[in-house]
Amino acid sequence: MSKGKIVKISGPLVIAEGMRDANMFDVVRVSDKRLIGEIIEMHGDRASIQVYEETSGLGTGEPVESTGEPMSVELGPGLIGSIFDGIQRPLDSIMEVAGTNLHRGVEVSSLKRNKKWAFEPTVNVGDSVVSGDEVGFVNETDIVRHKIMVPNGISGTVAEIKSGEFSVDETVCILDTEKGKTEITLMQKWPVRRGRPYAEKLSPDKPLITGQRVVDCMFPIAKGGVAAIPGPFGSGKTVTQHQLAKWAEADIVVYIGCGERGNEMTDVLNEFPELIDPHTGKSLMERTVLIANTSDMPVAAREASIYTGITIAEYFRDMGYSVALMADSTSRWAEALREMSGRLEEMPGEEGYPAYLGSRLAQFYERAGRVIVNGSKAEEGSLSVIGAVSPPGGDISEPVSQATLRIVKVFWGLDANLAYKRHFPAINWLTSYSLYLDLLGDWFRENVDKDWMNLRSRMMALLQEEAELDEIVKLVGMDALSAGDRLKMETARSIREDFLHQLAFHEVDTYTSLNKQCSMMKLILNFYDKSVAAIEAGANIEDIVNLPVREKIGRFKYVEEENVKDEFAAVINQTDKEISALKGDVQSA
């Protein structure tokens, strides 16, 4: 264990001498207050330490002690439903020790040592097990079956297995390995900066279904995929992430509040326990892990919070679960990198950000994926990462947004103008994209409807034509357009208002199944096709626009799932009748 002393202090950066025996990324305790820090640079016996707590009041000559271990998280029962700070200290335990006013240097266990968990074994004495195999499980909540796995790098034969109630640090299984007896507890540790290993990475060819129409239909994300939500203040980044956390087909949600305002994180802490998980009818917190590192918490801890969150997410992925990680927002994390880089006097890159910003972002996002996990059974797990980006003034030409766009495959560009018009989700259909579309097309055709991709392409084409026609309308007015172009404008408006606009607070409209989304697309495009034929037959565009069935199409999104089939047939029938009546009027005239 290396011991040294402080020679220089610069905000969250502390320089210490006498640290020759320490290693990069070792966790250290700084001063008699035992502040938590991490070594981020070594030169001889001089170590640069990123301190995760307030450093005011420290002086030179104070002791620094290395723990000899890298920054690690404790992984085991007790994660679900917990609220941690950026370095995995549970906020409720800190409050018990320090009260409501947080003190520096508080030392609390990440997982509670005094809580007993009912462990049920799933192996017998004499069974051979390898890394990732389940030796038993704990029912952590009514929803989550927490598998106790053989730690990575260990394999052998079960020599002893117990059942009953245990705390996380008690031995439940003993293995005979090549190196002798190895004890397995309910908890294991893992360094946060190292991705957890897996057997094989799979192609991202299955969608992560979210029930949000603009996402699932227009810009889908694959299971194990990565997406970015850039947008200015007030455009709905956090609300979009809340909707995805609630409705996405994920078994576990890890939500990281990285440098966001305290009141936003408070909303999450207050709302998530009250939200009912639509998949199970239980509280959403029964499958959620929250990591809170708000803007008034130490800047340096923002970097740790991102890695802490993704390591916990990888742990649940290794159990075979589908995990969704929400990072809100990576811009604040990048600002923490910029501050530490400046204090280390490194050569700055664009706008003062470190030159290695892109590679650090890539290291984070590449830990997502759909994989075959370690273990003798070839189980599949996935980790999907959705990162919010908060560019100043909504300008996505800034370095963090650009570095993120070079890495992620889905871009949901939020638009302040849409948010101002109360169009939510405020995802701009002209600037957003998904590079998973080609991979996911076959899945949609096989599992939803053979025409899914064709319907989607036609709707996108109409929206793009509307944008072009809109320029003409602004110059010469709507009356200058032909009847066919007027119809395109009206159909695009229907797509925007009746399909893409979705009410998060409406009990039916908040979530739309893929079959209902397909029915909605068919209704809008069926009306368009029949109207084109009516115009060619000589019908008046004004009469078509004012047909009563248009209101039925617009209100279809409020139809409950069990009534979709009957209502769909009724609207199709009404469309045929009303258009046919128009054609009849034209012919008789």
Side-chain angles (χ1 to χ4, degrees), residues 1-73 86-89 104-107 153 189-195 293 297-308 310-311 333-364 366-367 399 403:
M1 194 176 286
S2 183
K3 292 187 178 180
K5 60 182 181 180
I6 297 173
V7 293
K8 183 182 176 185
I9 301 163
S10 174
L13 181 71
V14 166
I15 312 293
E17 283 184 346
M19 304 291 290
R20 188 174 295 278
D21 296 331
N23 298 310
M24 274 288 285
F25 301 122
D26 273 3
V27 173
V28 295
R29 293 289 180 173
V30 178
S31 85
D32 296 326
K33 295 184 175 68
R34 296 186 62 75
L35 309 185
I36 299 173
E38 184 182 21
I39 296 174
I40 56 172
E41 196 173 79
M42 292 285 293
H43 293 290
D45 72 339
R46 181 174 277 218
S48 300
I49 298 162
Q50 179 171 249
V51 182
Y52 292 132
E53 299 184 79
E54 180 59 48
T55 57
S56 59
L58 297 188
T60 54
E62 293 198 48
V64 174
E65 184 181 317
S66 169
T67 63
E69 293 182 350
M71 174 69 73
S72 301
V73 287
I87 46 179
Q88 210 205 3
R89 295 182 301 180
R104 294 185 292 177
V106 174
E107 292 185 51
K189 283 193 167 188
W190 190 263
V192 297
R193 292 179 185 274
R194 203 168 91 225
N293 196 105
M297 286 178 167
V299 168
R302 291 179 194 173
E303 190 190 10
S305 68
I306 289 282
Y307 291 116
T308 297
I310 201 157
T311 306
W333 172 56
E335 285 164 12
L337 282 182
R338 179 169 64 182
E339 176 160 345
M340 294 310 299
S341 175
R343 292 184 186 278
L344 286 167
E345 298 176 3
E346 295 172 337
M347 183 69 76
E350 193 179 351
E351 291 189 25
Y353 287 101
Y356 48 78
L357 172 66
S359 64
R360 287 284 178 89
L361 277 165
Q363 283 168 14
F364 168 67
E366 72 185 7
R367 288 170 73 170

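Count residues from 1 along the sequence. We use all heavy atoms of the structure for the numbers below, so side chains are in, but hydrogens, waters and symmetry mates are not.
Annotation for Glu366 and Gln363: closest pair CG-O, 3.6 Å, computed over non-hydrogen atoms. Residues Ile40 and Met24 approach most closely at O-CE, 3.3 Å, considering heavy atoms. Taking every heavy atom of both residues into account, Thr55 and Gly11 meet most closely at OG1-O, 2.5 Å. Counting all heavy atoms, side chain and backbone alike, Ala301 lies closest to Asn293 at CB-OD1, 3.3 Å. For the residue pair Ile39 and Asn23, the shortest heavy atom distance occurs at CD1-O, 3.7 Å. Nearest heavy atoms, Arg367 versus Gly195: NE-CA, 3.6 Å.
The salt bridge (charged side-chain N to carboxylate O under 4.0 Å, His left out) analysis of residues 47-58, with sequence neighbours excluded, yields the pairs Glu53-Arg89.
Under a 3.5 Å cut-off, the side chain of Ser2 and the backbone N or O of Ser66 do not form any donor-acceptor pair. For the pair Thr308 (side chain) and Ile87 (backbone), a donor-acceptor distance under 3.5 Å is absent.
Partners of Glu346 under the side chain to side chain donor-acceptor pair (under 3.5 Å) rule, at least two apart in sequence or in another chain, are Ser341, Tyr356. By the side-chain contact (heavy atoms from CB on, under 4.5 Å) test, Lys5 pairs with no residue at all, sequence neighbours left out. The side chain to side chain donor-acceptor pair (under 3.5 Å) search around Ser359 returns none, not counting sequence neighbours. Under the side-chain contact (heavy atoms from CB on, under 4.5 Å) criterion, Glu335 pairs with Arg302, Arg332, Arg338, Tyr353, not counting sequence neighbours. Listed by chain and number, the residues in a side chain to side chain donor-acceptor pair (under 3.5 Å) with Ser305 amount to none (sequence neighbours excluded). Every residue meeting the side-chain contact (heavy atoms from CB on, under 4.5 Å) condition with Glu107, not counting sequence neighbours, appears here in chain and number order: Arg29, Arg34. For Pro63, the side-chain contact (heavy atoms from CB on, under 4.5 Å) partners two or more places apart in sequence, or in a different chain, are Asp32.
Rounding to the nearest 0.5 Å places CD1 of Ile306 at 12.5 Å from CZ of Arg360. The structure places CD of Glu339 at 9.5 Å from CG of Leu13, a figure rounded to the nearest 0.5 Å. One finds the CZ atom of Arg104 at 7.0 Å from the OG atom of Ser31 (value rounded to the nearest 0.5 Å). Between atom CG of residue Leu337 and atom CG of residue Leu344 there is a gap of 10.5 Å, rounded to the nearest 0.5 Å. Note that NZ of Lys8 and CD1 of Ile6 are 13.5 Å apart. Values are rounded to the nearest 0.5 Å. Between Lys33 atom NZ and Leu58 atom CG the span is 6.0 Å, to the nearest 0.5 Å.
Val192 has its side chain out of reach of Gln88: every pair of non-hydrogen atoms, C-beta onward, lies at least 4.5 Å apart. In this structure the side chain of Trp333 reaches within 4.5 angstrom of the side chain of Leu361, judged on heavy atoms.
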Under 3.5 Å donor-acceptor pairs involving side-chain atoms of residues 45-52, not counting sequence neighbours:
{"from": "Asp45", "atom 1": "OD2", "to": "Gly18", "atom 2": "N", "distance (Å)": "3.4"}
{"from": "Arg46", "atom 1": "NH2", "to": "Glu17", "atom 2": "OE2", "distance (Å)": "2.7"}
{"from": "Gln50", "atom 1": "NE2", "to": "Tyr52", "atom 2": "OH", "distance (Å)": "3.1"}
{"from": "Gln50", "atom 1": "NE2", "to": "Glu303", "atom 2": "OE1", "distance (Å)": "3.2"}
{"from": "Tyr52", "atom 1": "OH", "to": "Glu38", "atom 2": "OE1", "distance (Å)": "2.2"}

